[in-house]
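These numbers come from a predicted model, not from an experiment. Read the numbers this way: they start at 1 and go in the same order the structure lists the ligands and their atoms.
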Amino acid sequence: MKLEICTWPDDVLAGKAQPLTEVTPEIKKLIEDMVETMYEGDGVGLAAPQVGEPIRLICVDQTGPKLRGDLRVLINPEIIECDGEVESDEGCLSCPEFSATVLRKERVKVKALDPEGAEICLDADGFLAIVLQHEIDHLDGITIADRAGRLKKALYRKKAMRWKA
Ligand code: NI
């Protein structure tokens, strides 16, 4: 089932998401729906707060909705090492009609649990590293609108508030 995507500046996007302690049947269904919503929305990543669930759960597929060749579902993901810096032009399903250039780490090592509860450690660089940082940002209440410059953010807020009115 495709879920509704919350858009900035919704409150659920601004809070710190809570760690997930158990993968219940409800969470399994949520994961399935998130993956579908990500692909249907033409996205390469989705975080649970974007569908209104303030928990630390993300899905990513750097190959996109056409190939669907590298799906990863990460629970309680944590960046434990990083290095290098790179500028990245990003969009976000929660920030329609908006893009921003964001400073990211070039490489990240991410520790997480998979849906079966197994610990995984991911060494990522290139596009995957960027997607992971973008989605983990969502778990900490940060969107690309928040990472944009002050003026750009203010103008986008005005536009976004008009859509919500
Ligand atoms: Ni996003």
Trainee: To 10°, measure the NE2(H134)-the Ni ion (ligand 1)-SG(C92) angle for me.
Mentor: 120°
Trainee: In terms of ring plane angle, is the pair W8 and Y156 parallel, tilted or perpendicular, where the classes change at 30° and 60°?
Mentor: parallel
Trainee: Can you name the closest pair of heavy atoms from H138 and C92 and give their distance?
Mentor: NE2-SG, 3.4 Å
Trainee: Using only N, O or S atoms, tell me which atom of H138 is closest to the Ni ion (ligand 1).
Mentor: NE2
Trainee: Whether E85 and R104 form a salt bridge (side-chain N of Lys/Arg under 4.0 Å from carboxylate O of Asp/Glu) is what I want to check.
Mentor: no
Trainee: Taking both backbone and side-chain atoms into account, decide whether C95 has an N/O/S atom under 2.8 Å from the Ni ion (ligand 1).
Mentor: no
Trainee: Short question: side chain of R56, backbone of P77 - any donor-acceptor pair under 3.5 Å?
Mentor: no
